[in-house]
**Student:** 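Below is the structure I would like to discuss, written out as structure tokens.
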Amino acid sequence: MTKTQIYKFGGASVKDAPAVKNLANILRNRLRNNFVIVVSAMGKTTNHLETILSLKLTNQDYSWNSSNLKSYHLDICTALFPEGHVIFPKIENYFILLHHELNKPVSKENYDEYYDRVIGFGEMLSSRIVMEYLCSQALLVLWQDARELICTNSDFRFAKVDWEKTRRNCQSQLRPKLEQFPVLTQGFIGADSSGRPTTLGREGSDFTASILATSLDAGSVTIWKDVPGVLNADPKLFKDTKLFSELEYQQAAQMTYYGASVIHPKTIKPLANAGIPLFVKSFLHPEENGTKIHKTAKVETVPTIILKKDQILVSFKVTDFTFIEEKHIHQVYEQLQMLKLRANMLQTSAITISIVVDSQLFKLEQLLAKLKNDFIIRYNEGLDLLTVLHPKPDSIPSLLDGYEVLLEQSTRNMVQVVRRLN
Ligand code: ASP
Ligand code: MG
């Protein structure tokens with residue numbers, strides 16, 4: 001049997017009815033058995049569900065938001081299906097279930113578990129709509145609940161994959177189906193060993209594609225994006241970008257580590273270990289080659305700009321007239337780990353440790369509470385972390401025009417700057 005191919009379609013590729021039609025067109029000449037299609041929630045649905053969750057948590061009215069989300073999905077269906085199609089009661093049903101969940105109590109303590117029960121509705125809605133549409137176009141696909149495949153621990157919102165169980169599920173449940181039909185499933189979601197819904201972290205659908213690929217010993221993974229492939233900067237933010245036609249796994253992984261959002265950071269490692277190539281292609285120009293990430297001797301040295309927004313710079317100053325020692329760094333890192341926060345940048349001086357972290361609901365508050373007795377803590381929010389790999393002398397100044405620099409670090413192959421709009 002030919003090797004399995006995995007196609008992953010993100011939110012932008014299913015954001016409205018024309019996008020779903022375009023997806024079907026991409027599949028029209030490519031689809032065969034032994035194909036897995038992974039889809040994300042439509043457009044910005046996950047963000048909207050997050051808004052509903054935070055309104056609910058703060059006891060505010062979210063009815064306007066939820067009816068908007070429902071009409072968004074129903075409008076897409078109206079444009080794709082004839083009146084009376086089975087998809088309409090299915091969507092109604094999902095919203096009844098969603099409201100049932102939303103009517104349950106939530107507190108800060110059980111928020112992460114609650115979040116995972118609610119947030120996956122975006123993926124459920126999207127995968128149902130896309131599956132029904134493909135079938136209506138004579139592109140027969142089987143629908144599969146990813147929570148029956150992706151087995152994780154119970155680290156809600158950031159669940160870790162149980163690779164062995166997932167592989168067994170894929171081999172026993174997915175493999176037989178794939179021998180006959182293509183299968184469509186959801187990204188991002190999984191379940192723990194008691195069957196409780198979990199998620200793999202925001203934008204985790206790429207990672208799902210990679211998990212399924214390794215579990216099925218696939219031949220390749222293709223991620224369909226609204227950009228031509230992996231570029232040396234985000235074309236939505238910078239001009240004159242360059243497309244990498246190929247990249248070595250580690251270089252691509254490094255770019256995602258610093259915040260290149262084109263691929264989820266966890267996607268590459270499993271594929272690299274299994275030697276499965278990853279293609280990043282444009283769903284707007286599917287015939288173009290895009291980028292191939294694989295084992296290659298080619299080393300790219302084109303300056304690559306990566307911008308991470310919504311960063312917080314926190315500085316911890318020792319209070320006892322001592323200097324910074326390893327134990328202080330350890331103390332800060334221990335708390336970061338407990339809060340599942342990663343220091344995107346670290347700098348130490350004689351009496352302070354400075355770290356840069358992503359802004360996440362409640363996390364800063366908790367970090368400050370834990371460490372306020374040992375350090376004098378200051379922080380700045382709303383910052384950009386700019387990373388330039390392989391910088392040339394003229395790469396940096398134009399990036400700082402109109403900005404104030406709060407922190408800077410450079411090595412031969414990289415410059416990192418924390419900047420704030422003047
Ligand atoms: N829908 C989820 C999110 O937006 C997962 C994904 O798109 O990869 O985070
Ligand atoms: Mg998404």
Side-chain angles (χ1 to χ4, degrees), residues 6-16 19-20 23 36-54 65-66 68-69 72-73 76 94 98 101 111-112 114-131 144-147 149-150 152 155-161 184-191 197-213 221-227 230 234 236 256 259-271 278-281 283 308-310 340 342 358-361:
I6 317 272
Y7 274 8
K8 183 259 165 172
F9 290 93
S13 61
V14 287
K15 71 175 195 304
D16 51 25
V20 176
L23 179 155
V36 181
I37 301 148
V38 177
V39 294
S40 300
M42 294 179 144
K44 299 270 174 248
T45 296
T46 309
N47 291 359
H48 294 313
L49 285 166
E50 280 192 349
T51 306
I52 291 174
L53 276 164
S54 60
N65 305 68
S66 74
N68 252 358
L69 195 62
Y72 167 68
H73 286 90
I76 292 178
Y94 275 125
L98 172 63
E101 279 304 334
Y111 181 71
D112 286 355
Y114 188 81
Y115 175 102
D116 280 355
R117 281 210 309 269
V118 168
I119 211 82
F121 275 95
E123 268 62 22
M124 286 293 147
L125 289 160
S126 168
S127 63
R128 277 288 174 195
I129 296 172
V130 176
M131 183 278 272
Q144 166 77 47
D145 189 333
R147 292 170 298 201
L149 302 174
I150 309 287
T152 71
D155 252 347
F156 298 105
R157 294 186 70 178
F158 304 94
K160 298 218 171 51
V161 178
L184 182 135
T185 190
Q186 312 79 33
F188 179 51
I189 60 174
T198 56
T199 56
L200 305 171
R202 284 299 311 268
E203 308 301 331
S205 302
D206 294 352
F207 186 36
T208 302
S210 154
I211 299 165
L212 296 176
V221 174
T222 305
I223 296 181
W224 295 90
K225 301 281 303 185
D226 56 356
V227 288
V230 183
D234 184 343
K236 290 177 200 112
T256 65
S261 59
V262 63
I263 318 163
H264 187 276
K266 289 186 180 160
T267 311
I268 295 169
K269 188 176 163 217
L271 298 178
L278 170 64
F279 295 91
V280 181
K281 283 166 72 100
F283 60 73
K308 235 173 163 355
K309 287 185 164 287
D310 214 4
K340 295 178 203 132
R342 187 186 79 177
D358 294 349
S359 165
Q360 277 185 38
L361 197 63

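A quick note: this is a predicted structure, and the numbers were derived from the prediction, not measured. As the structure lists them, so they are numbered: ligands from 1, and atoms in each ligand from 1.
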**Student:** F188 heavy atoms, cut-off 4.0 Å: which ligand 1 atoms fall inside?
**Tutor:** 2 (C), 5 (C)
**Student:** Say whether, by atom type as modelled, one donor and one acceptor occur between the side chain of S210 and the main chain of D206 under 3.5 angstrom.
**Tutor:** no
**Student:** Using non-hydrogen atoms of the residue, decide whether E123 is closer than 4.0 angstrom to ligand 1.
**Tutor:** yes
**Student:** What about E203: any of its N or O atoms under 3.5 Å from an N or O on ligand 1?
**Tutor:**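 Yes; the residue has a nitrogen or oxygen that sits under 3.5 Å from a nitrogen or oxygen of the ligand.
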**Student:** Which of the numbered atoms in ligand 1 are below 4.0 angstrom from a heavy atom of S205?
**Tutor:**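 Taking each heavy atom of S205 in turn, ligand 1 has 5 (C), 6 (C), 7 (O), 8 (O) under 4.0 Å.
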**Student:** Please confirm whether G204 comes under 4.0 Å of ligand 1, counting heavy atoms of the residue only.
**Tutor:**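 Yes.
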**Student:** Only one of F188, F158, F156 clears side chain to side chain contact (heavy atoms under 4.5 Å, CB included) with T198; which?
**Tutor:** F156
**Student:** Tell me whether the rings of F9 and W224 are parallel (<30°), tilted (30 to 60°) or perpendicular (>60°).
**Tutor:** parallel
**Student:** Angle between ring planes, F121 versus Y94, binned at 30° and 60°: parallel, tilted or perpendicular?
**Tutor:**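 F121 vs Y94 ring planes: perpendicular.
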**Student:** What about K8: any of its N or O atoms under 3.5 Å from an N or O on ligand 1?
**Tutor:** no
**Student:** Return yes if some donor-acceptor pair links the side-chain N/O of K8 with the main-chain N/O of V221 below 3.5 Å, else return no.
**Tutor:**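 No; zero donor-acceptor contacts below 3.5 Å.
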**Student:** Which atoms of ligand 1 have any heavy atom of S40 under 4.0 Å away?
**Tutor:**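 Ligand 1 atoms under the 4.0 Å threshold to S40: 6 (C), 7 (O), 8 (O).
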**Student:** Which ligand 1 atoms are under 4.0 Å away from a heavy-atom of R202?
**Tutor:** 3 (C), 4 (O), 9 (O)
**Student:** Under the 3.5 angstrom rule, does the side chain of S126 hit a backbone N or O of E123 as a donor-acceptor pair?
**Tutor:**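 Absent.
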